[in-house]
Structures are given as structure tokens and as C-alpha cells.
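Residue numbers start from 1 in every chain, and the chains themselves are labelled A, B, ... in the order their sequence lines are given, proteins ahead of strands.
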Amino acid sequence: MSSRDWLGLKHELPRRRQFMLVVLSFLLPLALWSAVSYVPWLWHPFVRVTAPGGVDYFIEGMDVPRAVFAKEKAAALQAGLVAPAGYPVNPVYLPAPHKVARAFFTAFKTPPRLPNEPWLHESLGHSIRTIFWGFVISSVFGIPLGILCGSYRFFSKLQEPFVEFFRYLPAPAFGALCVAILGIDDPPKIAIIVIGTLFQQVLVIGNTVRKVDPALIEAAQTLGARGWRLVRRVIIPATISDIYTDLRILLGWAWTYLIVAEVVGTSSGITFFINQQARYRNFDNVYAAIAMIGIIGFSTDMALAWLGQYLFPWKRRRRASALKSSVAEPSPSSAIPMSIG
Amino acid sequence: MNASSLALPDYRQQRPEVAARFQRIKERPVVLRIEDLAKHFGSGPAARTVFDGVSLDIHRREFISIIGASGCGKSTLIRIVAGLEEASAGRILLDGKPVSGPGPDRGMVFQGYTLFPWRTVKENVMFGLEMGGMDRSTADAEARQWLEMVGLGKFAESYPHELSGGMKQRVAIARALANNPRILIMDEPFGALDALTRCKMQGYLLQIWRKVDVTILFITHDLDEACFLSDRIIVMGANPGRIIEVIENPVPRPRSVEQFLTPEFLALKQRLDDIIHAPGAAEAEEKLPVVKLTEAGDEVE
Ligand SMILES: Nc1ncnc2c1ncn2[C@@H]1O[C@H](COP(=O)(O)OP(=O)(O)OP(=O)(O)O)[C@@H](O)[C@H]1O
Ligand SMILES: [Mg+2]
């Protein structure tokens, strides 16, 4: 196992090693977080007071900066009072991994503080619904427009300059407008996601479609395809798997707009949960909720990638080169009668 | 040129059976007529003439090769014939009728394989048939027959990326022929293949051409390929592009690899070599500046 085997440029790694690296990519940040959380002399800028001793303003459970604690302790000792006791801690906004891990499960089991507040799973469900509809509505318009822009100069020139302009208007800026028009519930939130995604979608898909190999179009033309059929039978199938990849990336962006959208009108969904928990200073729940967004986004993307293999079988290149070398070249048969022409 | 060329016969000298064959070809109807074709790119002072005054008649079931220096406009010429580019002057007549724009009556095989990667091999061959309005089951049966003919029946359900270069090009040929084109246009179709595969493909192409009623217009860089395949060879020159000479191939048919060393073959090849590499005739070869990159005293030769 030389280092070249691991670090060769553009060198395919065996599956086992790839898997190890994938696991490692998650383990490394986790190890760093654990180190900072569990090794007392790494960072830990505060001291949690367990016994106030002779310091009159210390209360049990209070966090004081280390330097202050040391000074008060020295002062107390000098005055002949009982020294305060405590142990080093990190700030409350950096909970240890095990606390966040625990919050992952308890958050679902903890009833909301107020009876009209949603449970965590309800908040998550709400967010997923919002993003789903926002993305579907955006795609219903964005995909066809993108394909038209990519295929015809006419539509490209007619639409793209405006789309390009509109893309620079930040979606959150439309928050107040959306609420005024669509009310305070879900519609304005969905609208923000649509505004944030649609214009990018048209441009990104337009670009992808423009990149279709012109030789394929020419080949199709010499085979008698023209006009709309050229778009439907050649341009769309030639780019559909790339469009699919674009959509996966755009779906990631939609999550960013979700967080903005959910504070528009009445705050809702996972953002509401996060803000509420931060207000109660339950930072372990906050991290758990943020991590859940990550997990939902990441697993959705993995699922879509996996689905893509079945939707686009011609993109599966495995063993392609092996087949090439193992199959002997068959020659044209001479048994076909001339009548075929 | 050299001593051996002195011993070769004149390339214009034809055996009686070869002469008779050319006589028969000339009596056949003209499938494709290129009339005074010219192509310019750009306008104003930046305008550039690729070729000018190109005229040619191609008869039914003739195999025509075009050779010429790189950049003399071979690809441009046949792209105009295929309708993929517009001529600046002149016209193209197919069976006496002027054509414009691409159409299934002129099949094309490109150097890059241009198979549709999302379609299986069989579906690739079916593409033109479907565009022509044939129903799926008939097209399916027809496509299978064509694949059998190019020897790829077993690969009907494979995707193009699972095929080798030579196999892909055979699918491309089957796909073009399935449309029953009047003429099959091929732009260096075997240029990307290795020497051995290329040689096999030349044999396959002749076999296929013998079985199908189609006229072939074939561009190549390879003199052996032109001599081996064609009836007539069109030699083009550059700056501006034009037809320098039209040569009737004296090598008798049926062709075989053994003929590569016959006097006719060598004489023809010698002649092509002379025209293409004659100083000033075909191209004004640019002299590249010689830059020495190694230390003095490092001469290997
Ligand atoms: N779209 C274009 N715009 C401007 N000039 C072009 C264009 N297409 C081709 N040309 C010019 O036309 C000339 C002929 O090109 P063409 O590709 O037909 O040559 P060719 O004989 O096929 O060369 P090769 O043997 O290398 O394939 C070239 O000098 C090229 O620069
Ligand atoms: Mg060319």
C-alpha cells in the first residue's frame, strides 16, 4: 500500500478505500468536536461553579470565565474564606456530541412547551411539505422554460435577459409582498422558494441544454429529424440526465430559501422549532434540528442519485471497458440477401 | 520520383474489365450533381474562400473518395452536400432535384461516432425509421435485419458505450443505411480507429456496399484507404480549395488485401502521393520555427 495508490491524480480508488474515506470524512469533524468537548484543557473557557465558597455573587451552576474564577478564588483564599469549586466547561452554545445525539431522540419525544406549538416531527413534516411544493411548482415552469431557452435562440433571447436580472433580486426581499398578496400561512413561504429557485433553474437548465453535443443534433438531422421532434427525441433525452443532476443541486439551494421562507408571515416548520429552542437555550436541540436538515437533504440526494442509475441506464459505465476487450469482434454476415436494400 | 516509380505502369492505364466497368458506371444515372459550388466564410476583408467552382457528377452505386490536404475544404464540401451547411454559390442536385437542408435521402457517417447514448444499438438504428413515420414493430424488425447485416445482431440490446470504436461505427453505418438513403456520405469514418480495426472496417464496408444499392461519398486522409475502396478518387487542393484531378481507380474489383502490392495499386498510390505532396501544388506547407529545447551536445540522432 504505497502512498501513490492512495494519492494518484485522477486515479480510481478501490471501492473499499472509497468507502473508508467516506466514513472518515464524517468521522474527522466528529473527532474534532469530541476533542474540544471532552478534553478539559482544550478550549473550555468557562468554569461552572459547583460550590460558591466565599465568593458572594457566585451561585451554584453559574458559568464564569476562567480568569474571573481564578481571581475570585485567589481573593477568597487571601481573605481567609472558603475557596469556590467548579469544573471547566464550554459555552452553552457548544453542547457535547453525546448531548446532541441524545437530543436527536428526546426532541421527538418531548412535547412542546405550549399546547398550540407543533411537535418536532410536525415541524419537519411541515418544512418538507413546503419545500416539496415550492420545488414542484418551480420545476413545472422552470424545466420547460430552461429547455426552450437552451434549444431555441428565440426563447433564449426573449427570456434570459429578464431572468438574469430577476435572479439578482434576493428572494427574501419579496417576503412582505408575498404576505400581503398570499396571506400569512404557507402560500407566501412556497412563493419565496419558487422565486428563489425558478430563475436559477431556467438559467442552469438552459445552459445544460445548450451544451448538448451538436454532432448528435446533426446526426439526427441527417436521419430526418427536424423541428419540435428534434427537441423531443434528441435534445431532451441527450440532456435529461444532466438536467436531473442540476435538479438535485437546485433542491439543495431550495433548502436555503426554506429557512428564509419559514420566518415570513407566521414562523413555522423546522425554523420555528430551531428559533424556539434557541430561545429556551436548548442548544442541543438546535444542533439536532440543524443536523436533521443535513441528514434529510443528504439522504434525499443519495436516494435521487440511486434512482438516477435506474432512470438513465446508459450512464452506468461499470465494466464497460472490460466488455470491450473480452468480446471478439463479430464480422458482418454474408447470408443476408441483397433485397434488404 | 524514385527508381521504383519508373518501373510502375501509368496509373491511367486500365485493364479491359476495369475500363468496361467505368463505361457501365458512366451509363448509370447521375445520383448527385454538384454544380459550381463555392463556400466563403465571413464577410468584408476577413472573408475567406474555402473552395470555389467545385463541380462533380456522381453516378448511381459509385464509390467516390475525396482526398486532399488538411484544410482544403473536404468536410465543408460534404457538409454542404448533407445540408448541414449552406453553399455560398452553386447548387446540389439529388436525382436532378435541388436539395437544401438535411434530409434522410442523404445519410451521413461522422468521424466521431455520434450514436445516441440513451438509445440501445437497435433503437439507434430505429431512429431514422421512426422519424420517417414507420410503426415501432416494423421498425424493430427492420433494424434487426440491418444489425444482422453489419454483424452486430447479438448487440441489439447493448448501449453504445458498451461497444468498441469499430462496432460503434458499424452501428452508425447501419443507422444511416436503414433510411434507404440515395447517397451515403462518410467523413473520415475510420479516422479514429487503430490500423488493424481500420483495415477490417474497410473490408466490411466493401461487403456492405456490395449488398446494398447505395452510392458512397467517402472522405479520407489515408491514400491506401482511397485506393482500396473507391471507383473514382477526387483529389482536392488548397488555397483556394478546388478539384485538382479526378482519377479512375485502375485496381480491378473485387478488391482484396493482396492487391495492395499489385503494380496498378502502387502506380495509383504513387500518383496520389505525387499530387498531394508536390511542392506548391496542393498546399503551401508552413515551415515551423525550429526551436532547440535541449542542451547542445545532447544530439540523439
Ligand atoms: N465555421 C467556419 N468559419 C470559418 N472558417 C471555417 C469554418 N469551418 C471551416 N472553416 C475553414 O474552412 C477550411 C476548410 O475546413 P474543412 O474542415 O472543410 O477542411 P478539411 O479538408 O475537412 O480538413 P481536414 O482534412 O483536416 O478534416 C479550413 O481552413 C477552416 O479554417
Ligand atoms: Mg475534415
Side-chain angles (χ1 to χ4, degrees), chain A residues 209 211-245 308-341, chain B residues 79 82-84 101-110 112-120 127-132 142 145-146 148-155 158-164 166-167 170 172 175-181 185 197 200 203-204 207-208 210-214:
Chain A
V209 171
K211 270 191 248 142
V212 64
D213 184 358
L216 288 183
I217 297 181
E218 291 185 344
Q221 284 177 321
T222 62
L223 291 166
R226 50 178 60 213
W228 172 242
R229 281 218 283 183
L230 201 55
V231 176
R232 198 168 66 85
R233 305 298 291 274
V234 180
I235 294 181
I236 293 177
T239 52
I240 192 75
S241 77
D242 290 334
I243 291 178
Y244 185 78
T245 310
Q309 289 204 331
Y310 290 88
L311 292 177
F312 316 115
W314 64 93
K315 285 279 167 183
R316 269 179 289 167
R317 304 228 150 205
R318 69 200 157 109
R319 292 189 298 120
S321 49
L323 180 79
K324 248 185 239 172
S325 52
S326 68
V327 170
E329 293 246 338
S331 54
S333 80
S334 41
I336 299 295
M338 174 130 181
S339 64
I340 192 169
Chain B
R79 285 173 58 81
L84 296 172
D105 47 3
R106 284 148 293 147
M108 180 117 176
V109 175
F110 301 81
Y113 308 111
T114 69
L115 295 183
F116 304 125
W118 62 91
R119 288 179 157 244
T120 61
F127 183 87
L129 301 171
E130 287 170 13
M131 290 297 126
E142 188 114 326
Q145 249 183 319
W146 282 103
E148 286 301 334
M149 193 185 70
V150 297
L152 293 174
K154 281 204 294 269
F155 292 84
S158 303
Y159 281 100
H161 70 79
E162 296 169 311
L163 267 50
S164 72
M167 288 152 81
R170 270 146 65 188
R175 183 178 68 171
L177 288 177
N179 263 352
N180 274 323
I185 304 164
T197 314
K200 278 195 213 158
Y204 295 158
Q207 282 185 48
I208 293 167
R210 228 170 276 148
K211 280 182 268 176
V212 182
D213 174 13
V214 70

Next on the checklist: Checking an interface table here. Which of residues 224-232 of chain A come within a heavy-atom distance under 4.5 Å of chain B?
Outcome noted: G224(A), A225(A), R226(A), R229(A)
Checklist outcome for this item: For T120(B), the side-chain hydrogen bond (donor to acceptor under 3.5 Å, both in side chains) test, sequence neighbours excluded, returns E123(B)
Checklist entry - Do E218(A) and R79(B) come close enough that some side-chain heavy atom pair is under 4.5 Å? => result yes
Checklist entry - Should W118(B) and T239(A) be marked as a side-chain contact (heavy atoms from CB on, under 4.5 Å) after you check the CA-CA gap, both sets of side-chain angles, and the distance that decides it? => result CA-CA 10 Å; W118(B) 62 91; T239(A) 52; over 6 Å; no
Item to check | Spatial distance of atom CE (M131(B)) from atom OG1 (T222(A)) [nearest 0.5 Å] | outcome: 12.0 Å
Item to check | H161(B) side chain to K315(A) backbone, donor-acceptor under 3.5 Å | outcome: no
Next on the checklist: Heavy-atom pairs under 4.5 Å with chain B: which of A220(A), A219(A), P237(A), A215(A) has the most?
Outcome noted: P237(A)
Checklist entry - Between N179(B) and L223(A), what is the shortest heavy-atom contact and its length? => result ND2-O, 3.2 Å
Checklist entry - Residues two or more places apart in sequence or in another chain: which of them pass side-chain hydrogen bond (donor to acceptor under 3.5 Å, both in side chains) with R233(A)? => result E130(B)
Checklist outcome for this item: Note: F116(B) and L216(A) closest approach over all heavy atoms is CE2-O, 3.6 Å
Item to check | Engaged part of I185(B) at the chain A interface, taking heavy atoms whose separation is under 4.5 Å | outcome: neither
Checklist entry - At their closest point, which heavy atom of W314(A) faces which heavy atom of P117(B), and how far apart are they? => result CB-O, 2.9 Å
Item to check | side-chain hydrogen bond (donor to acceptor under 3.5 Å, both in side chains) involving T114(B) - partner list, sequence neighbours excluded | outcome: R175(B)
